[in-house]
J.: 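Submitted below is the structure of interest, expressed as structure tokens.
Numbers restart at 1 for each chain; the letters A, B, ... are given by sequence-line order, proteins then strands.
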Amino acid sequence: MSLDELMRQRREKLAQWRALGIEPYAYRFEPTHHAADLLALGAAVTEAPGETVRVAGRLMAIRGHGKAGFAHLLDGSGRIQLYFRADHLGESFRRYELLDVGDWVGVAGSLFRTRTGEITVRVDAVELLAKALRPLPEKWHGLKDPETRFRQRYADLFMNLEVRETFRRRARLTSAMREFLDARGFLEVETPVLQPLYGGAFARPFVTRHHALDMDLYLRISNELYLKRLIVGGLERVYEFSRDFRNEGMDRSHNPEFTMLEFYQAFADVHEMMDVTEALIAGAVERACGTRQATYQGQILDWTPPWPRISMLDAVSDAVGESVRDLDRARLERVAASRGMAARPGTGAGGLLDELFSVLVQPGLVRPCFVVDYPVELSPLARVKRGHPAVVERFEVFAAGMELSNAFSEQNDPEAQARAFEDQGRRREAGDEEAQQMDHDYVRALEYGMPPTGGVGIGIDRLTMLVCDARSIRDVILFPQLRPEEGRAEIDHEADEETAGRAGRGSAT
RNA sequence: GCGCCGCUAGCUCAAUUGGCAGAGCAACUGACUCUUAAUCAGUAGGUUGAAGGUUCGAUUCCUUCGCGGCGCACCA
């Protein structure tokens with residue numbers, strides 16, 4: 001039957017409710033229990049009716065038997081069976097007959113156990129809370145189509161209950177992190193999403209337009225430089241769950257907007273931040289999963305500290321079978337070439353090392369670990385390693401082959417920071433769109449003096465993937481980015497018209 | 001951006017070499033007062049993602065486009 005016809009039938013029932021003098025979209029209902037509470041209560045129930053209970057939710061199945069009927073009601077806690085009888089409900093049995101799968105109802109009744117043993121509410125009274133005009137997906141196979149699941153996450157959430165669990169886990173993970181940081185004296189802060197300069201990471205930004213100021217603004221790719229300004233201001237320990245935006249490709253581990261936890265601690269270096277990070281993450285994983293040994297795609301990831309600490313120089317040297325610890329560019333280029341990896345022009349020794357690392361080492365980093373000793377040229381915001389000026393005091397956390405976290409002993413020498421920005425500026429001029437922009441105000445802040453500081457960023461979406469055994473970042477973002485359903489051509493057309501209507505500026509790219 | 005795969009009823013899926021587009025569930029009608037993928041009898045439901053082409057005839061073959069999935073590339 002066509003969707004139009006199915007919806008027409010439901011609208012007809014809606015009219016019949018109104019004909020009974022009942023408003024099909026109620027204003028309130030007061031449940032006394034959730035379904036899960038009733039199942040727990042019902043464990044003690046035998047045959048005799050117990051106290052009156054009130055429960056509300058969405059009808060997920062109706063099984064009619066003439067003058068009686070069963071239904072399953074789904075609420076935020078789970079399912080409970082309802083039993084309707086004509087001789088028990090009298091006149092209002094008519095209400096039961098007007099119910100459809102998908103309707104929101106509130107019922108009052110008493111608990112009993114059916115002949116087959118299922119804890120059930122014998123309904124004394126039923127109220128319609130909201131009529132569902134649209135038919136639900138099929139009861140047995142459910143809603144599978146990934147496109148529909150992402151576009152209509154509301155339907156995904158009531159058809160696929162494990163999806164609810166994913167987002168509950170995500171929330172437990174972040175609240176555990178907040179509690180951990182709050183308990184250690186960190187202050188949760190909020191910094192600008194709209195930034196006149198973008199910095200703190202290498203990425204292409206989204207550009208937007210402020211009409212009153214007549215200027216372009218960038219959606220932040222990172223909040224790092226703002227948090228460190230707060231350290232300059234003396235807040236000493238700050239954190240923010242930052243929605244960041246990067247105008248890049250999308251795949252299993254990248255969504256254009258994603259969530260990063262960044263935290264900064266005055267007087268700490270990268271070594272101290274490693275200890276903090278592994279304690280923070282291990283505790284949060286334990287809270288989210290109930291264990292520190294979380295299964296991911298068939299492998300057990302053990303988050304129990306301490307995690308191995310691996311030097312990038314050692315790891316790549318081991319992988320290629322000769323030492324590249326001296327970061328000799330000619331040697332690295334030869335090693336890369338021998339593995340069929342063509343160095344892009346302008347790539348320095350550090351870039352080559354990083355590429356070798358990404359291909360040869362990273363996929364094998366299954367268990368959570370720290371990678372340290374990053375080449376200085378890749379890290380304009382970090383301090384050089386004491387006694388080893390070719391690398392910086394930085395770590396990244398990897399697990400299941402995925403990068404989860406990035407941290408350093410923060411650069412607090414304003415002149416060194418200015419030189420690093422200038423170096424980035426030269427790369428920009430050479431065509432590197434992702435090179436960072438000179439931020440004079442940030443340098444000015446450092447000129448007032450920033451204490452030694454350790455800073456960490458953790459990719460919350462990716463960590464959630466690992467904790468929820470999700471293969472795609474789309475599974476852990478409630479509304480992942482998709483192209484519009486109507487199709488791109490139409491949208492482009494509208495956008496063109498709008499741009500054409502504006503005075504004097506094309507779109508910035 | 002490139003490659004491969006997919007898009008058929010509200011949902012989940014079929015359809016042989018190109019030959020009348022089907023099933024289950026959901027819906028509707030009837031029977032049924034402890035069912036649970038309820039059961040039984042019946043009914044209805046389609047612009048096969050869109051446009052174009054080849055053909056007597058296209059869900060099927062070709063082209064373009066849209067959306068999605070996977071992989072690669074880009075990307076920390």
J.: For B:rG69, does OP1 or OP2 lie under 4.0 Å from any side-chain N or O of A:Arg149?
T.: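 So the side-chain polar atoms of A:Arg149 never come under 4.0 Å of the phosphate oxygens OP1 or OP2 of B:rG69.
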J.: Of all the nucleotides listed (B:rG68, B:rU33, B:rG71), which has the minimum atom distance to the side chain of A:Leu482?
T.: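 From the listed options, B:rG68 comes nearest.
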J.: Taking 4.0 Å as the cut-off, does a side-chain nitrogen or oxygen of A:Lys144 come that near to OP1 or OP2 on B:rG6?
T.: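 Checking B:rG6 against A:Lys144, no side-chain N or O comes under 4.0 Å of OP1 or OP2.
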J.: Return the nearest nucleotide to the side chain of A:Arg252; candidates are B:rC34, B:rC11, B:rG71.
T.: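 Nearest to the side-chain atoms of A:Arg252, counting from C-beta on, is B:rG71.
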J.: Side chain of A:Leu6: nearest nucleotide among B:rC34, B:rA26, B:rG68?
T.: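 Nearest to the side-chain atoms of A:Leu6, counting from C-beta on, is B:rA26.
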J.: Would you tell me if any nitrogen or oxygen in the side chain of A:Arg474 comes within less than 4.0 Å of OP1 or OP2 on B:rG69?
T.: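 A:Arg474 to B:rG69 OP1/OP2: side-chain N or O found under 4.0 Å.
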J.: Phosphate oxygens OP1/OP2 of B:rA26: is one of them under 4.0 Å from a side-chain N or O of A:Lys139?
T.: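 For B:rA26, OP1 or OP2 has a side-chain N or O of A:Lys139 closer than 4.0 Å.
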J.: Nearest to the side chain of A:Tyr83, heavy atoms from C-beta on, is which of B:rC34, B:rG45, B:rG71?
T.: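 Selected nucleotide: B:rC34.
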J.: Does any donor-acceptor pair link the side chain of A:Glu118 with the base of B:rU35 at a separation under 3.5 Å?
T.: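 When only heavy-atom distances are counted, A:Glu118 does not reach the base of B:rU35 through any donor-acceptor pair under 3.5 Å.
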J.: What's the closest nucleotide to the side chain of A:Phe112 if the choices are B:rG69, B:rU33, B:rC34?
T.: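 Looking only at heavy atoms from C-beta outward on A:Phe112, the closest nucleotide is B:rC34.
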J.: A:Phe70 vs A:Tyr83 aromatic rings, parallel, tilted or perpendicular, using cut-offs 30° and 60°?
T.: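 If you compare the ring of A:Phe70 with that of A:Tyr83, the planes turn out parallel.
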J.: Any cation-pi pair here, A:Arg394 with A:Tyr374, using under 6.0 Å and within 45°?
T.: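 Yes; both conditions hold, so A:Arg394 lies above the ring face of A:Tyr374.
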J.: B:rG68 P sits how many Å from A:Arg153 CZ, rounded?
T.: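 Result: 14 Å.
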J.: Between A:Lys385 and A:Asp373, is the salt bridge (charged side-chain N to carboxylate O under 4.0 Å, His left out) condition met? List the steps.
T.: CA-CA 8 Å; A:Lys385 182 172 176 172; A:Asp373 293 345; 2.9 Å; yes
J.: Among the candidates B:rC75, B:rG10, B:rC34, find the nucleotide nearest to the side-chain atoms of A:Glu434.
T.: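 When the side chain of A:Glu434 is considered, B:rC75 is the closest of B:rC75, B:rG10, B:rC34.
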J.: Checking contacts here: which listed nucleotide (B:rC74, B:rC28, B:rC75) is nearest the side-chain heavy atoms of A:Asp251?
T.: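 When the side chain of A:Asp251 is considered, B:rC74 is the closest of B:rC74, B:rC28, B:rC75.
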J.: If you go through the side-chain atoms of A:His141, does one of them form a donor-acceptor pair with the base of B:rC11 closer than 3.5 Å?
T.: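 For A:His141, whose side chain was compared with the base of B:rC11, there is no donor-acceptor pair (under 3.5 Å).
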J.: For A:Tyr374, answer base if it contacts any base atom (sugar-phosphate contacts may also be present), sugar-phosphate if it contacts only those atoms, and nothing otherwise; contact means non-hydrogen atoms under 4.0 Å.
T.: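 Result for A:Tyr374 = base.
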J.: With respect to the phosphate group of B:rC67, does any side-chain polar atom (N or O) of A:Arg483 fall under 4.0 Å of OP1 or OP2?
T.: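 A:Arg483 to B:rC67 OP1/OP2: side-chain N or O found under 4.0 Å.
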J.: Taking only side-chain nitrogens and oxygens of A:Arg63, does any of them come within less than 4.0 Å of OP1 or OP2 of B:rA38?
T.: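 Yes, A:Arg63 has a side-chain N/O under 4.0 Å of OP1/OP2 on B:rA38.
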J.: For RNA chain B, produce a single dot-bracket line, 5' to 3'. Pairs: Watson-Crick or G-U wobble, both distances under 3.5 Å. Symbols: ( ) within strand, [ ] crossing, | other strand, . unpaired.
T.: (((((((..((((.....[..)))).(((((.......))))).....(((((..]....))))))))))))....
J.: Could you tell me how far apart A:Glu147 (CD) and B:rG66 (P) are, to the nearest whole angstrom?
T.: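 Going from A:Glu147 (CD) to B:rG66 (P), I get 14 Å.
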J.: Starting at atom CD1 of A:Ile62, determine the distance to atom C1' of B:rA37, rounded to an integer number of angstrom.
T.: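 It works out to 15 Å between those atoms.
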